[in-house]
Amino acid sequence: MNFIERERSTMGSRIYIEELSKHVGETVTISGWVYTKRSSGKIRFLVVRDGTGMMQAVIVKANVSEEVFNRFDELTQESSLRVTGTIRKEDRAPGGYEMDVSGLETISVAKEYPITPKEHGVEFLMDRRHLWLRSARQHAILRVRHEIVRAIREFFDSRGFLLLDAPIFTPAACEGTSTLFETDYFDLGKAFLTQSGQLYGEAGAMAFGKVYVFGPTFRAEKSKTRRHLTEFWMVEPEVAFNTLDDDMDLAEEFLEHIVASVLKNRMPELKILERNTKFLENVKRPLPRISYDEAVEILHKKGIAFEWGNDLGGTDETVISERYDRPVMVHRYPSQVKAFYMKRDPKNDKLALAVDVLAPEGYGEIIGGSQREDDYETLLARLHEHNLPQSAFEWYLDLRRYGSVPHAGFGLGVERTVSWICGLDHVRETIPFARMIYRLTP
RNA sequence: UCCCGGGUAGCUCAGCGGCAGAGCGGCUCGCUGUUAACGAGAUGGUCACAGGUUCGAUCCCUGUCCCGGGAGCCA
């Protein structure tokens, strides 16, 4: 018998911790890592994680060979192992099930693991993000993120939207405002990392009617706050023949679906995160809709010196969103603070047909959208007003030359949404490996 | 870029113009139901870096570096 065969002969059937309840009374093997261990002399406890959950394994001196019993001593935190034993329902154990160990095999003894069950600072943990991902809280957050991404795709897929992947290298600024990451691109000069797939989404909408772009986006702004990453994920639906009102209808139905999916499928994770789900249960249609003018009025009534024509700042957004128990839509912003492609309000040329959705509890803007300018001459004039190079936008102008129609869309920031739904105090925990102004590793 | 706060043991922090501290982790010992186990013990330091003031600086001053979150900008 070779090594592998010998090892296999001592194992029960291999299962995952998430399916323990189906194997009560059976002898099975769990492959995983040591989360923590405790000893009380002749009875020893090993908390094993395998990626799907945690299980307490109990090693009783009287029930196992001396070799197995002593093997416990060499196991350090995060050592990898295979543990075999009988599964038993046990109310004292976290998860409700426990293993009575009969066999224990060390795969690799871990060196002294830096992340102990005690508290650590943000810098320390972010420097070890690759290890931090193993902890229960990070599991909960990333599983909620996964659920949100799944719900996003389910929402659009079930409504006949086509997933349209936009390029990441772009020839010029999409919106002309943000600072972009720049890189050399062979003989073609400079390329920029995309800050939005929206313009390509518009081309897709003219081709397929309704599409969504879902991918990473990049902003080289030197923002250093709890709401900013330099690389983040955005989902951007775009629908031909939609108006601003249609756009807002879509956005609120979309948000309702995402939140409902998380509440339905990820309650244990929200509990680990100690999230008060009362706020999330309120996320039902209709969401309140107020105009920018009304928002300014609210700020003035609160005694905030806010000048009409400016964009809402983070504090202003918090003041407005605090008045509601669910996300609030603010529409028709001054066109001077919005992007060149947004259509002006036919009733007031100073306003853009734009909408921002502000999350409650001070989480700020999670959605930004608009009806797009569909008139060729107007769009051309806007390009020039914003000093954008017409040549880089000829293809975009083609969308207005050949069968232009009203259309609208929006972008939702995935990390801000995860942060809000999980109730986190910083977006850096919502993505496996955050990229920020002073963080490029690990 | 600006404003504010911070950097002391592996980690989280306290401290103070006059011998460098605690809790936790790791290590040793004990314990048959632990849940961040518990009890006992030993170990652990370039007080971010460079100048300056002083009899004496981890502490006060100046500069630099790094971190945090806020403004601006944005999802």
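- Closest heavy-atom contact between A:Y292 and A:N310: OH-O, 2.6 Å.
- If you take atom P in B:G23 and the same atom in B:U43, they sit 14 Å apart, rounded to whole Å.
- Taking the P atoms as reference points, B:C11 lies 23 Å from B:C65, given to the whole Å.
- Comparing the P positions of B:A14 and B:A9 gives a spacing of 12 Å, expressed to the nearest Å.
- For a distance-only test at 3.5 Å, the side chain of A:E98 qualifies as a donor-acceptor partner of the base of B:G33.
- Nearest nucleotide to the side chain of A:I43, out of B:U34, B:U32, B:C74: B:U32.
- Base engagement by A:Q56 is indicated by at least one non-hydrogen atom pair under 4.0 Å involving a base atom.
- A donor and an acceptor atom sit less than 3.5 Å apart, one in the side chain of A:R416 and one in the base of B:C74.
- Within the cation-pi definition used here (under 6.0 Å to the ring centroid, within 45° of the axis), A:R435 does not qualify as a partner of A:F433.
- Contact between A:E415 and A:V427 at its shortest, heavy atoms only, is O-CG1, 3.9 Å.
- Across B:U46 and B:C27, the matching C1' atoms stand 25 Å from one another, rounded to whole Å.
- Note on A:S223: every side-chain N or O is 4.0 Å or more away from OP1 and OP2 of B:G72.
- A:R227 has no side-chain polar atom (N or O) that falls below the 4.0 Å cut-off from OP1 or OP2 of B:A75.
- Counting distance only, with no hydrogens placed and no angle test, the side-chain atoms of A:K224 and the base atoms of B:G68 include a donor-acceptor pair under 3.5 Å.
- Pairing partner, B:G45: none, since no Watson-Crick or wobble contact has both distances short of 3.5 Å.
- Cation-pi contact between A:R129 and A:W132: present, with separation from the ring centre below 6.0 Å and deviation from the ring axis of at most 45°.
- For B:A57 and B:G17, the C1' atoms lie 7 Å apart once the distance is rounded to whole Å.
- Ranking B:U1, B:U12, B:C67 by closeness to the A:F124 side chain, first place goes to B:U12.
- Taking a centre distance below 5.5 Å and an interplanar angle below 30 degrees as the stacking criterion, A:F45 does not stack against the six-membered base ring of B:G33.
- Between B:U12, B:C66, B:U32, one nucleotide has an atom nearer to the side chain of A:S40 than all others, and that is B:U32.
- For the side-chain contact (heavy atoms from CB on, under 4.5 Å) with A:V47, the lone residue among A:Q77, A:K37, A:R38 that qualifies is A:R38.
- Side-chain atoms of A:E90 lie closest to B:G33 of the nucleotides B:G70, B:A75, B:G33.
- Across the protein-nucleic acid pair, A:K61 atom NZ and B:G30 atom P stand 11 Å apart, rounded to whole Å.
- Contacts of A:D356 with the nucleic acid, taken as non-hydrogen atoms under 4.0 Å apart, are absent.
- Of all nucleotides listed (B:G26, B:G70, B:C74), B:G26 comes nearest to the side chain of A:E112.
- Summarising the base pairing, B:A71 is matched to B:U1 through a Watson-Crick or G-U wobble pair whose two defining distances lie under 3.5 Å.
- In terms of position on RNA chain B, the residue among A:D100 and A:E123 whose nearest nucleotide sits closer to the 5' end is A:D100.
- Ion pairing between a basic and an acidic side chain is recognised when a charged N comes within 4.0 Å of a carboxylate O; A:R143 and A:E147 show no such pairing.
- Nucleic acid contact for A:Y113: none, since no nucleic acid atom lies under 4.0 Å from a heavy atom of the residue.
- Here B:C73 presents its C1' atom at 13 Å from CG of A:N310, a figure rounded to the nearest Å.
- Distances from the side chain of A:L229 to the nucleotides B:A75, B:A36, B:U34 place B:A75 closest.
- Residue A:H228 has no polar side-chain atom (N or O) positioned under 4.0 Å from OP1 or OP2 of B:A75.
- Take the nearest nucleotide of RNA chain B for A:E415 and for A:R428: the residue whose nucleotide is more 5' is A:R428.
- Side chain of A:K222, nearest nucleotide from B:A75, B:G72, B:A71: B:G72.
- The residue A:R88 sits close to a base: some heavy atom pair falls under 4.0 Å.
- Distance noted for atom P between B:G70 and B:U53: 41 Å (whole Å).
- For A:F393 and A:F340, the gap between ring centers is short of 6.0 Å.
- Straight-line distance between the P atoms of B:C47 and B:C59: roughly 10 Å, to the nearest whole Å.
- Across B:A50 and B:G44, the matching P atoms stand 24 Å from one another, rounded to whole Å.
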